[in-house]
Enquirer: 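Please see the structure below; I have some questions.
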Amino acid sequence: MKLPFQKKKQKKKEMPSNETEPMSNLSSFSGKIGQFFNPEPQKEKVLRHEDFNAAGDVYYATVSAGYKVAQRILWLFFVFFLVFSILTNYQAITYDNFFYLIKDFSSAADSGSNYETLSYESDPRQNFTLYRGGVAAVSPSRISIFTSTGRRTLNSTSGFSSPYMVSSAKYLLVYDTSGTTFSVYNSFARIYTETLDYPVTDACFSGAGGFVIVTRSADSRSVVCSYNKGFHKIAELRADYYLFDIAANEERDQLTMLSYEAGNGTGRTVLSVRDMTMTEHERMEFDGEFPLAVDFLEDQRFAVITDRCIRIYDKNLELFEKSEDYSGGTITGYSITAEGIAVSAVLNSKNVIFAFDKSGNLLYNDAVTFTVTDICVYDSYLFLQTEQGITRLHAKSGKEAFLNSGTGKMLIYNATTALVCGESKAEYLIYSNG
């Protein structure tokens with residue numbers, strides 16, 4: 001008699017021998033890999049190729065299978081890339097760096113601006129620049145960085161007697177024109193600092209983290225030092241002349257330096273074009289002219305502004321464009337950005353504007369009815385600052401739009417937004433799209 005709680009006798013499974021076990025494991029593993037990349041529908045799937053065939057959807061079955069294989073290849077590539085990155089950068093993977101990275105992503109995520117004003121500590125000696133869509137302000141007491149939404153990501157003690165700063169897409173460089181220290185910041189922290197023997201007189205970024213510093217020494221009027229993105233000095237140039245402005249383009253491996261030298265008893269502007277190792281490739285002299293600014297445009301060109309004219313050079317260092325001569329006039333404002341070049345001057349009792357777009361083409365050459373104190377180009381618009389506010393002038397149609405503001409440094413955020421940064425606050429001036 002069989003009791004109800006008795007268990008059935010089960011056949012004892014035979015264990016594979018030691019000789020066949022590795023081969024079966026290898027076969028099983030290779031089978032799983034093959035199944036992973038197999039474009040055929042898997043057993044657990046409801047639909048099979050036969051189901052698609054019956055419905056007449058063979059094309060969609062093939063596309064779906066291709067996407068499945070591509071997806072799994074991308075997953076494998078991501079895993080290999082992650083492992084490779086960890087192995088090659090393990091020394092830089094620290095808790096602090098990871099924390100900084102998360103905060104940096106957070107600050108970069110801010111976009112757009114709905115603020116009418118932006119407040120900061122009052123100081124008449126402040127210097128301002130646009131940085132990562134927001135505003136950076138530095139004074140002898142504080143360094144502040146704001147996102148475009150008005151959130152302050154950095155509020156640090158300055159320590160600079162007479163600070164000035166330049167910015168790139170990634171970093172902010174602050175240097176002391178009265179001291180000997182310069183520092184590099186990201187959105188929320190200082191990441192590099194160095195103290196030189198003499199004060200810094202100029203600086204610029206050269207691309208993704210690289211930068212150039214101008215100082216002097218006991219036996220040289222100018223010392224130019226270029227740094228790579230790892231903050232290591234890669235070249236140095238000592239010169240017996242004073243540099244007025246400098247600009248660098250790492251992508252083009254070009255460094256442009258504007259200086260003033262004695263020549264023919266009247267003085268001359270000298271433009272020196274070098275690579276990032278300081279090897280000179282071109283030297284141009286403009287007798288009887290005083291240097292004002294040099295910088296790169298967006299479309300593989302760079303521009304030089306003197307007290308007589310604007311010169312624009314292409315990537316082959318050929319003179320691309322030259323404005324009408326405005327010598328004899330009094331320059332009231334000038335700027336060179338990636339968006340274009342502009343100069344305002346009082347010439348023959350007229351307030352004359354000369355402007356070129358980012359490709360070096362003439363954008364505007366005419367007089368306005370008011371005195372301009374600063375000027376900047378953005379897209380097809382000219383932003384003209386006066387003592388009362390800022391006029392936005394459309395270069396092609398001539399349409400003007402004026403908004404009243406206080407006094408301060410004019411910064412152009414985009415084609416519809418200008419900022420006026422005063423001693424204690426920045427005003428956002430919002431223009432219509434027309």
Enquirer: When rounded to the nearest 0.5 angstrom, what distance separates CD1 in I353 from OG in S344?
Expert: 5.0 Å

Enquirer: Would you tell me whether S122 and S424 have side-chain atoms, one donor and one acceptor, within less than 3.5 Å of each other?
Expert: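 No, no side-chain donor-acceptor contact under 3.5 Å.
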
Enquirer: With rounding to the nearest 0.5 Å, note down the distance linking OG1 in T391 to OH in Y431.
Expert: 6.5 Å

Enquirer: For the CG atom on D197, are there more than 12 heavy atoms of other groups (residues, nucleotides or ligands in this structure) within a distance under 6.0 Å?
Expert: no

Enquirer: Evaluate side-chain hydrogen bond (donor to acceptor under 3.5 Å, both in side chains) for T416 paired with N414, printing each intermediate quantity in order.
Expert: CA-CA 5 Å; T416 61; N414 55 36; 3.1 Å; yes

Enquirer: Decide if the gap between the ring center of F290 and the ring center of Y260 is smaller than 6.0 angstrom.
Expert: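 Here the rings of Y260 and F290 have centres that are less than 6.0 Å from each other.
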
Enquirer: Side chain of E321, backbone of I310: donor and acceptor closer than 3.5 Å?
Expert: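 No; zero donor-acceptor contacts below 3.5 Å.
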
Enquirer: Could you check L317 against Q254 for side-chain contact (heavy atoms from CB on, under 4.5 Å), going step by step and ending with a plain yes or no?
Expert: CA-CA 10 Å; L317 305 181; Q254 283 187 346; 3.7 Å; yes

Enquirer: Indicate whether any N or O donor in one side chain lies under 3.5 Å from an N or O acceptor in the other, for E289 and T269.
Expert: no

Enquirer: Can you see whether T181 engages T195 through a side-chain donor-acceptor pair at a distance of less than 3.5 angstrom?
Expert: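 Short answer, yes.
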
Enquirer: Students often mix this up, so state it plainly: with edges at 30° and 60°, are the rings of F211 and F205 parallel, tilted or perpendicular?
Expert: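 Plane angle over 60°, so perpendicular.
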
Enquirer: Taking T177's backbone N and O only, do any of them form a donor-acceptor pair with S162's side chain (distance below 3.5 Å, no angle check)?
Expert: no

Enquirer: Measure from the side-chain N and O atoms of Y120 to the backbone N and O of E423, and report whether any donor-acceptor pair falls under 3.5 Å.
Expert: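 No, because the side chain of Y120 does not come within donor-acceptor range (under 3.5 Å) of the backbone of E423.
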
Enquirer: Determine whether a donor-acceptor pair (N or O, by modelled atom type, separation under 3.5 Å) exists between the side chain of D253 and the backbone of M276.
Expert: yes

Enquirer: Using atom types as modelled and distance alone, determine if a side-chain donor or acceptor of T88 lies under 3.5 Å from a backbone N or O of F84.
Expert: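 Yes; judged by distance alone, with no hydrogens or angles, the pair exists.
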
Enquirer: Of all the heavy-atom pairs spanning I312 and A303, show the shortest one and how long it is.
Expert: CG1-CB, 4.2 Å

Enquirer: Look at atom CG of N348 and say whether more than 12 heavy atoms of other residues, nucleotides or ligands are closer to it than 6.0 Å.
Expert: no

Enquirer: If I compare all heavy atoms of P163 with all of N127, which pair ends up nearest, and what's the gap?
Expert: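 Between these two residues, the closest heavy atoms are O-CB, 4.0 Å.
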
Enquirer: Would you check if there is a donor-acceptor pair between the side chains of R190 and S156 at a distance under 3.5 Å?
Expert: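 Side chains of S156 and R190: no pair found under 3.5 Å.
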
Enquirer: When you measure from the side chain of S226 to the backbone of I234, do you find a donor-acceptor pair of N or O atoms at a distance under 3.5 Å?
Expert: no

Enquirer: Would you call E427 and K425 a salt bridge, taking side-chain N to carboxylate O under 4.0 Å as the test?
Expert: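 Between K425 and E427 there is no salt bridge, as every charged N stays at least 4.0 Å from the carboxylate O atoms.
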
Enquirer: When you measure from the side chain of Y326 to the backbone N and O of C309, does any donor-acceptor pair fall under 3.5 Å?
Expert: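 Checking the backbone N and O of C309 against the side chain of Y326, a donor-acceptor pair under 3.5 Å is found.
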
Enquirer: Counting distance only, does the side-chain N/O of R268 pair as donor-acceptor with the main-chain N or O of D287 below 3.5 Å?
Expert: no

Enquirer: Hey, can you tell me if F302 and Y313 have their rings parallel, tilted or perpendicular (30° and 60° cut-offs)?
Expert: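 F302 and Y313: parallel rings.
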
Enquirer: Hey, could you give me the CZ/OG1 distance between R238 and T215, rounded to the nearest 0.5 Å?
Expert: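 Going from the CZ atom of R238 to the OG1 atom of T215 covers 9.5 Å.
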
Enquirer: Which value, rounded to the nearest 0.5 Å, describes the distance between N186 atom CG and I145 atom CD1?
Expert: 7.5 Å

Enquirer: Could you tell me if the ring centre of F320 sits under 6.0 Å from that of F356?
Expert: no

Enquirer: OG of S206 to CG of N228: how many Å apart, nearest 0.5 Å?
Expert: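 Here the interatomic distance stands at 9.0 Å.
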
Enquirer: Starting at CD of E298, measure out to OG1 of T337 and round the result to the nearest 0.5 Å.
Expert: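 Between E298 CD and T337 OG1, I get 9.0 Å after rounding to 0.5 Å.
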
Enquirer: Under 6.0 Å from the OH atom of Y242, do we count more than 12 heavy atoms belonging to anything else shown?
Expert: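 Counting neighbours around OH of Y242, 12 or fewer heavy atoms of other residues, nucleotides or ligands fall under 6.0 Å, so no.
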
Enquirer: Do D219 and S217 get their side chains close enough for a donor-acceptor pair, meaning under 3.5 Å?
Expert: yes

Enquirer: Is it the case that the side chain of S167 and the backbone of L130 share a donor-acceptor pair, with hydrogens and angles ignored and the cut-off at 3.5 Å?
Expert: yes

Enquirer: Check E236 against C225 and note the closest heavy-atom contact, atom names and distance.
Expert: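 Closest heavy-atom pair between E236 and C225: OE1-SG, 3.7 Å.
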
Enquirer: For the residue pair Y164 and Y175, categorise the inter-ring angle as parallel (less than 30°), tilted (30 to 60°) or perpendicular (more than 60°).
Expert: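 Correct class here is tilted.
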
Enquirer: Which class fits the ring pair F182 and Y227: parallel under 30°, tilted 30 to 60°, perpendicular over 60°?
Expert: perpendicular

Enquirer: For E251, I'd like to know if atom CD has over 12 heavy atoms of other residues, nucleotides or ligands within 6.0 Å.
Expert: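 At most 12 heavy atoms, drawn from other residues, nucleotides or ligands, come within 6.0 Å of this atom.
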
Enquirer: For S405 and L429, which heavy atoms make the closest approach, and how far apart are they?
Expert: CB-CD1, 3.9 Å

Enquirer: Are E280 and S272 close enough, and set up right, to give a side-chain hydrogen bond (donor to acceptor under 3.5 Å, both in side chains), and what steps lead you there?
Expert: CA-CA 7 Å; E280 189 172 55; S272 176; 2.7 Å; yes

Enquirer: Is there a donor-acceptor contact under 3.5 Å from the side chain of D357 to the main chain of S359?
Expert: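 Such a contact is found between D357 side chain and S359 backbone.
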
Enquirer: Side chains of R152 and S144: do they bring a donor and an acceptor to under 3.5 Å?
Expert: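 Yes, because at least one side-chain N or O of R152 sits under 3.5 Å from a partner of the opposite role on S144.
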
Enquirer: Regarding R216 and the six-membered ring of Y198, is the cationic atom NZ or CZ under 6.0 Å from the ring centre and inside 45° of its axis?
Expert: no

Enquirer: May I ask you to decide if the ring planes of Y381 and F383 are parallel, tilted or perpendicular, using 30° and 60° as cut-offs?
Expert: tilted

